[in-house]
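To start, the structure itself, in structure tokens.
Each residue takes its place number in the sequence, starting with 1.
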Amino acid sequence: MSDDPLVLFMPSGKRGRFPKGTTILDAARQLGVYVESVCGGRATCGRCQIEVQEGQFAKHRITSSEDHISKVGPREARYAEKRAMPAGRRLSCSATVEGDLVIDVPQDAVINAQVVRKDADTRIIERRPAMHLCYVEVEEPDMHRPLGDLDRLKAALQMDWGFGRMEVDAHLLARVQGILRAGQWAVTAAVHQDAEDDIARLVALWPGLKNEAYGLACDIGSTTIAMHLVSLLSGRVVASAGASNPQIRFGEDLMSRVSYVMMNPDGREAMTRAVRQEISKLVQKVADDGGIERHDILDAVFVANPIMHHLFLGIDPTELGGAPFALAVSGAVKLKADDLRLKLNPGARTYLLPCIAGHVGADASAVTLAEGPHRQDEMMLIVDVGTNAEIVLGNRARVVAASSPTGPAFEGAEISAGQRAAPGAIERVRIDRETLAPRYRVIGCDLWSDEPGFAEALGETGVTGICGSGIIEVIAEMYLSGIISEDGVVNGALAETNPRIIAEGRTFSYVLKESGPRLTVTQNDVRAIQLAKAALYAGIRLLMEKQAVATVDTIRFAGAFGSFIDPLYAMVLGLIPDCDPDRVSAVGNAAGTGARMALLNRDHRREIEETVKRIEKIETALEPKFQEHFVHAMALPNKIDAFPRLAERVTLPPRQRADAQNGDGEARPRRRSREERAARRRRD
């Protein structure tokens, strides 16, 4: 193994070893990591900024330190003096590798940044918010009735709006008299009452009539954060925004972030601070886009997976890193926004939906609330594909849930040409069955690669890599084209007759794009996707067994990534069980929809709190049949499960052996084909 320093780039997850003295920019370019530079490395444009992440990254076996990068040189110092570069930033064209490094490419320094596609849907939600705006006219002071101004305000709220016992936030006590007089005894009060039997709280007060108030619905994903600004009076989504989760620089998957907390004393504080700062930026963005002030925001609902949930609340997630995966808090959480340093209205409240279990979080609760399997008779499967897939299966009789560790492969990490969804990323692929020639479509361009004007339409972006939906499609197409077997082996015999199949060491790869840059799908890429999809499918099969069903009626793909998965290709890959493709649909950011439902209607809060109590959590790690299902699911689409409804839509390759199952229904070992054996002899 080389003794050269190891450099890991985040958030892409790409890594490589480079001799000391290599500039960070050169290292990035050799790995295909996009770091913008328009000045040719002269340290004048400043677009190639990076940050060094310090600490022990156990998953990657890297200890990264500022001491492992070269000191600031004259050119960098000159640029920093003229342009006021943010603290901690370095210019990658000047800084060199001197030891193991974890390098973060800040998203604000990337022009072709990840596309965070989490717009709100158009669902109409019945309004019954926990935050009420109440206009009242208060009796003026009377020497014959020595009742305080605040007490007369509370009496008016009780008479006109029916609020009984009421408490008042401390920040209002010194301001009530001034506000009443400024409004000439007519004021608008914001009263928070989350449940019918809760004590009402006066949390904000304005002179005169105020006819608008706003709330936030936010989904904190491990990869991206999506936020919606919503009118509490009309239910209208005023503005939406999304951003990459800055915690990616501490680890691309959940367990690596837990490891970072365990290995670094200030790791939890750093990640909590990072996510809250990013959320604060999103608050400002949606406020600016909506033309409002932050102080007009009175309520907020947050959903997240358990580890993001804990880190956002400032809770150490270490206990979630190993069995029994104990949550610090599983029920709904109600706090003042100031407790989370969100800088909204001083009286603003926050609500976090309950978590289902140690690795099935408030985001899964929100998706369940939005899609409502517990409200119907059909058996519905909900799959939220991410670095940790969350699975819910059920109907009104019974709902079960599980999580499955799919890892970051579906989001581009650990794939040789993989990247996150950004302009220039391949997102659709088709392969000619005879010539094996591909055609593809990329994010930011509506044309296919074989259509006139494709190269011109891409402009300066070009084709930069393959995102998650593209990875699923290219591997499914490789299987349908005979490039890979049902066991996921690239057919090396094709290398003799087709230049698209090339040898790389002892294995073979498929050339998706020949140059500028060359993009290939390697045997290791196929294996990474097989492992990820097998973990997901095995979890689904366990839930189906618990429900005693052989098929499901409907399938819902949740999450931003799920919105761009073609259901047919998901089934060809064996990502989900066989189902009528017309009954498989993407529901977009359903977690965000569930958050909006809880924001606008407090009855939905009670609904999901009660539903979560009834959901049965299946711990896949403790299920003896998980490994068996996992092994069968490594095959495409599956070694033993049939896909008859898929076969009605797609011509699947024939099974490699007619007797693929023995009398006990167990899969027999498959012999290698003559071509594969010959290819192996040539490799050896």
Side-chain angles (χ1 to χ4, degrees), residues 415-417 426 428-440 448-450 466 469-514 519-531 533-534 537 566 568-575 578 581 632-644 646-661 667-683:
I415 302 297
S416 60
I426 294 174
R428 294 280 178 261
V429 179
R430 301 292 182 268
I431 297 176
D432 187 276
R433 302 292 184 263
E434 299 298 325
T435 66
L436 306 186
R439 63 191 188 99
Y440 46 81
W448 286 82
S449 58
D450 60 347
I466 314 171
S469 60
I471 290 165
I472 287 175
E473 292 197 7
V474 71
I475 292 179
E477 281 281 312
M478 288 169 68
Y479 170 60
L480 295 174
S481 304
I483 296 171
I484 57 176
S485 66
E486 72 174 30
D487 290 328
V489 178
V490 179
N491 186 357
L494 294 172
E496 296 181 352
T497 58
N498 196 301
R500 291 278 173 185
I501 311 301
I502 59 172
E504 291 192 0
R506 296 172 60 86
T507 60
F508 292 84
S509 301
Y510 174 71
V511 179
L512 179 61
K513 184 175 181 292
E514 293 176 327
L519 302 179
T520 63
V521 181
T522 70
Q523 183 66 71
N524 285 340
D525 295 338
V526 177
R527 284 286 179 258
I529 294 299
Q530 283 181 281
L531 290 167
K533 75 97 175 179
Y537 191 89
D566 186 307
L568 277 175
Y569 285 106
M571 272 189 271
V572 170
L573 195 66
L575 193 67
D578 188 58
H632 295 326
M634 283 291 289
L636 304 175
N638 193 281
K639 182 62 73 175
I640 62 172
D641 290 352
F643 282 72
L646 172 64
E648 294 173 1
R649 301 289 188 94
V650 177
T651 302
L652 294 172
R655 292 274 181 167
Q656 289 151 328
R657 286 174 60 85
D659 57 345
Q661 296 179 8
R668 291 178 174 170
R670 182 184 63 83
R671 292 181 182 175
R672 292 190 178 91
S673 67
R674 184 188 315 167
E675 293 80 9
E676 287 175 291
R677 292 197 299 273
R680 179 172 289 276
R681 283 196 298 272
R682 284 194 300 274
R683 291 199 303 271

Does any N or O in the side chain of Gln530 come within less than 3.5 Å of the main-chain N or O of Asp487, such that one atom is a donor and the other an acceptor?
-> yes

Without swapping roles, check the side chain of Lys639 against the backbone of Glu486 for a donor-acceptor pair under 3.5 Å.
-> no

So, Asp450 and Tyr440: side-chain donor and acceptor under 3.5 Å apart, yes or no?
-> no

Under 3.5 Å donor-acceptor, Asn638 side chain and Ile640 backbone = yes

Check side chain to side chain donor-acceptor pair (under 3.5 Å) between Arg430 and all other residues, then give those that pass, not counting sequence neighbours.
-> Glu473, Tyr569

Measure across Tyr479 and Pro637 and return the closest heavy-atom pair with its distance rounded to 0.1 Å.
-> OH-CD, 3.9 Å

Dump the intermediate steps for side-chain contact (heavy atoms from CB on, under 4.5 Å) on Arg527 and Val489, then the final yes or no.
-> CA-CA 9 Å; Arg527 284 286 179 258; Val489 178; 3.7 Å; yes

Report the distance from atom CD1 of Ile483 to atom CD1 of Ile475, rounding to the nearest 0.5 Å.
-> 11.0 Å

Between Val511 and Pro499, is any pair of side-chain heavy atoms under 4.5 Å apart?
-> no

Rounded to the nearest 0.5 Å, what's the gap from CD1 on Ile529 to CG on Leu636? Could you check?
-> 10.5 Å

Smallest heavy-atom separation, Val526 atom then Met478 atom, equals CG2-CE, 4.5 Å

Side chain to side chain donor-acceptor pair (under 3.5 Å) involving Thr435 - partner list, sequence neighbours excluded = Asp432

Decide yes or no on side-chain contact (heavy atoms from CB on, under 4.5 Å) for Ile484 and Asn491, but give the supporting numbers first.
-> CA-CA 6 Å; Ile484 57 176; Asn491 186 357; over 6 Å; no

Would you sort out whether Ile471 and Asp525 count as a side-chain contact (heavy atoms from CB on, under 4.5 Å), showing the intermediate values?
-> CA-CA 9 Å; Ile471 290 165; Asp525 295 338; over 6 Å; no

Does Asp566 pair with Arg428 as a salt bridge, N-O distance under 4.0 Å?
-> no

Closest heavy-atom pair, Lys533 versus Ala635, reported as atoms and distance to 0.1 Å, is NZ-O, 2.5 Å

Whether Tyr510 side chain and Leu436 backbone form a donor-acceptor pair below 3.5 Å | yes

Which distance, rounded to the nearest 0.5 Å, do you find between the CG of Leu519 and the CD1 of Ile415?
-> 12.5 Å

List for me each residue that meets side chain to side chain donor-acceptor pair (under 3.5 Å) alongside Ser481, sequence neighbours excluded, and say none if there are none.
-> Arg433

What distance separates Leu531 CG from Asn524 CG, expressed to the nearest 0.5 Å?
-> 10.0 Å

Which heavy-atom pair separates Leu573 from Ala476 by the least distance, and what is that distance?
-> CD1-N, 4.4 Å

Tightest non-hydrogen contact, residues Ser509 and Gln523, listed as OG-N, 4.3 Å

Pairing residues for Leu646 by the side chain to side chain contact (heavy atoms under 4.5 Å, CB included) criterion, not counting sequence neighbours = Leu568, Met571, Val572, Asp578, Phe643, Val650, Leu652

Not counting sequence neighbours, which residues clear side chain to side chain contact (heavy atoms under 4.5 Å, CB included) with Ala534? List them please.
-> Phe630, Ala633, Met634

Minimal heavy-atom distance between Arg439 and Ser449, with the atoms involved, is CA-OG, 3.3 Å

Roughly how far, to the nearest 0.5 Å, is CD1 of Ile466 from CD1 of Ile472?
-> 12.0 Å

With Glu504, which residues qualify under salt bridge (charged side-chain N to carboxylate O under 4.0 Å, His left out), at least two apart?
-> none

